[in-house]
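On a predicted model such as this, the values are computed, not experimentally measured, just so you know. The first residue of the sequence shown is numbered 1, and numbering continues consecutively from there. Both ligands and their constituent atoms are indexed starting at 1 by order of listing.
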Amino acid sequence: MPCRRASSGGQPVTAVAERRNIVIVGGSIAAVTAAQVLRAEGYAGELTMLSAEMQLPYSRVPLSKAVLAGSADQASCALPMSTDDVNVRLGQEVVGLDDQAHTIHVAEGGTIPFDGLIVASGARARRLSQPGQSGEYVVRDAADIPALAERLSTARTVAVVGAGFLGMEIASTCSKQGLDVTVIDRDPPLRRLLGAWLSALIVAEAESVGVRFVRAADGVRILGDGEVVGVGYGDTTLRPDVVISAVGDIPNTEWLSGSRLHTQGAVIIDQWCVAAPDVVAAGDVAAIRQPTGEVMRLPHWNNAVRQAQSAALSLLHGRDAPVATPDHYFWTEAFGMQIKVCGLIPNHEPPIILEHNDEKGSFLLQWVAADGGPIAAATVNRKMPVVKLRRLAAEVVATAS
Ligand SMILES: Cc1cc2nc3c(=O)[nH]c(=O)nc-3n(C[C@H](O)[C@H](O)[C@H](O)COP(=O)(O)OP(=O)(O)OC[C@H]3O[C@@H](n4cnc5c(N)ncnc54)[C@H](O)[C@@H]3O)c2cc1C
């Protein structure tokens, strides 16, 4: 398990409370991981998972890639989980938490008691359109895909607003389908996550297949009364057939507003993922407060898994549970490049190229700090066990070959 065990002196950990009734709010990777860990750890009490979605837990990762491309169906995204020992209740939107009374409230009416709560309500896509405007597409939930895929099947031109990893994946998928794609962002594509060097590599690849990039220094406006008809930036307007936004996400915290949980955009948790007594949180909904006081939110798959493991164990074992150290590992696929990253890539510093194969378009890259110590590593189209990549990001600088 990729979590660090807090010191328990080598002794078996003991339960801080005899929990009998744990409720999980959310139905995605953080929720599923937490449920699995609870059962694997021997928790034998009631376990209820409440998800606002109508389908069993699935991975969002392929939605912008193979599912939008039509080369994988949604059934293939299902997350493996046993519904025998978890009471999974679909279509159940939770609308309130009374953390003192230890109850949650569901939209259809009714109160559900708990003695341990896992907040795993994730995030939703941020939209640029105003309430009442329709026709701005996003890729967040499985339910977003059918209408978008249908619309793309008859479209010729697409504007993707947002050039983060999600926007670039969507642009890549659309481009592969033969669509004329323009990507608009106020920042250079993927610069914040991947730094200038990798950003330039991907942009060059995208431009080579005809994708256009537009810098909108003052931001992007959605055009149209009622139905979205295009986007505007500066003095320019674009009227593509389809507008897809990938402009970030908003943690789903509204249902916690009447509680004593601290939310600053996201639910603030400590290193054990504790948000309040008997309440833990994990995944895209959560931001972890570091011992330094820094609050960090990492809305990536591995981080959701790591926090969910820690959150579940801390409900059972309190401070004897492992702390959730931030996991900066993530991957993305766009324009024929499979990219895996560990660590925080500096914005402007170029990497050391440890390996490069021109024919395969593969790279092994490492970034070092001013003192020569490694701070990040990445592969492009190169297979490497994640554990090795992690080592390159944080351990002795490997010799260039
Ligand atoms: C299209 C796409 C592609 C991605 N690709 C990658 C990738 O390549 N690599 C990577 O590292 N990461 C990727 N990610 C990010 C990764 O999928 C997320 O970090 C991960 O899904 C977070 O999981 P989560 O369980 O915290 O929350 P979410 O996946 O957001 O799930 C939250 C769940 O809570 C439910 N919920 C919300 N509010 C309520 C409520 N009030 N009551 C009941 N239920 C509620 C929702 O319906 C949902 O089931 C991608 C994300 C998207 C959208």
Which label fits Phe363 and Trp197: parallel for a plane angle under 30°, tilted from 30 to 60°, or perpendicular past 60°?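 Perpendicular: the ring planes of Phe363 and Trp197 meet at over 60°.
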Relative to each other, are the rings of Phe330 and His300 parallel, tilted or perpendicular (30° and 60° limits)?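 Parallel.
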For ligand 1, the portion of [X] having any non-hydrogen atom under 4.0 Å away:
X: Asn252; result: side chain
X: Pro299; result: backbone
X: Glu169; result: side chain
X: Lys65; result: side chain
X: Trp301; result: both
X: Ser51; result: both
X: Leu50; result: backbone
X: Ala308; result: neither

For [atom], which protein heavy atom lies nearest, and how many Å away is it?
atom: atom 25 (O) of ligand 1; result: Ala30 N, 3.0 Å
atom: atom 35 (C) of ligand 1; result: Gly26 CA, 3.8 Å
atom: atom 37 (C) of ligand 1; result: Ser121 O, 3.0 Å
atom: atom 33 (C) of ligand 1; result: Gly27 N, 3.5 Å
atom: atom 41 (N) of ligand 1; result: Val94 O, 2.9 Å
atom: atom 27 (O) of ligand 1; result: Gly122 CA, 3.2 Å
atom: atom 7 (C) of ligand 1; result: Trp331 O, 3.4 Å
atom: atom 4 (C) of ligand 1; result: Val61 CA, 3.7 Å

Within the 4.0 Å heavy-atom shell around [X], which atoms of ligand 1 are there?
X: Ala123; value: 30 (O)
X: Gln92; value: 42 (N), 43 (C)
X: Glu53; value: 46 (C), 47 (O), 48 (C), 49 (O)
X: Gly283; value: 26 (O)
X: Asp284; value: 18 (C), 19 (O), 20 (C), 22 (C), 26 (O)
X: Leu166; value: 1 (C), 2 (C)
X: Ala120; value: 32 (C), 33 (C), 34 (O)
X: Glu93; value: 41 (N), 42 (N)

Heavy atoms only: which of [options] is nearest to [atom]?
atom: atom 3 (C) of ligand 1; options: Arg60, His300, Lys340; value: Arg60
atom: atom 14 (N) of ligand 1; options: Phe165, Tyr58, Phe330; value: Phe165
atom: atom 30 (O) of ligand 1; options: Arg140, Met54, Gln338; value: Arg140

Between the side chains of [Y] and [X], is the shortest nitrogen-to-carboxylate-oxygen separation below 4.0 Å, so that they form an ion pair?
X: Asp185; Y: Arg192; answer: no
X: Arg297; Y: Asp249; answer: yes
X: Glu53; Y: Arg60; answer: yes
X: Asp84; Y: Arg39; answer: no

I'd like to check whether Ala31 has a polar contact with ligand 1, where a contact means an N/O of the residue lying under 3.5 Å from an N/O of the ligand.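 Looking only at distances, the answer is no, because the N/O contact criterion of under 3.5 Å is not met.
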Does Ala52, backbone or side chain, put an N or O under 3.5 Å from an N or O of ligand 1?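 For ligand 1, there is an N or O atom that lies under 3.5 Å from one belonging to Ala52.
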[X] side chain to [Y] main-chain N or O, any donor-acceptor pair under 3.5 Å?
X: Ser51; Y: Leu90; answer: no
X: Ser172; Y: Met168; answer: no
X: Ser59; Y: Cys77; answer: no
X: Tyr43; Y: Ala312; answer: no

Looking only at heavy atoms of [X], does any of them come nearer than 4.0 Å to an atom of ligand 1?
X: Tyr329; result: no
X: Val25; result: yes
X: Glu254; result: no

Tell me, please, which residues at least two apart from Glu46 pass side-chain contact (heavy atoms from CB on, under 4.5 Å).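 Listed in chain order: Asn21.
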For the pair Asp241 and Arg151, evaluate salt bridge (Lys or Arg N to Asp or Glu O under 4.0 Å) and give the outcome as yes or no after the intermediate values. CA-CA 9 Å; Asp241 297 332; Arg151 184 72 195 85; 5.0 Å; no
Measuring from Leu152:CG to Ile145:CD1, what's the distance to the nearest 0.5 Å?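 Here the rounded value is 9.5 Å.
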Spacing of OH belonging to Tyr233 relative to CG belonging to Leu238, to within rounding of 0.5 Å: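 Going from the OH atom of Tyr233 to the CG atom of Leu238 covers 4.0 Å.
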Criterion salt bridge (Lys or Arg N to Asp or Glu O under 4.0 Å) on Arg124 and Asp144, from CA distance to verdict: CA-CA 11 Å; Arg124 61 184 180 277; Asp144 295 327; over 6 Å; no
Just by distance, with hydrogens left out, do Thr325 and Arg306 show a side-chain donor and acceptor under 3.5 Å apart?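 Per modelled atom types, Thr325 and Arg306 side chains form a pair under 3.5 Å.
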Check: Val86 and Ile24 side chains under 4.5 Å, non-hydrogen atoms: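 SC-SC contact between Ile24 and Val86 ruled out.
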Output side-chain donor-acceptor pairs under 3.5 Å for residues 116-123, partner residues at least two apart or in another chain, one line each.
unit_1 : atom_1 : unit_2 : atom_2 : d
Ser121 : OG     : Asn252 : O      : 2.9
Ser121 : OG     : Trp255 : NE1    : 3.1

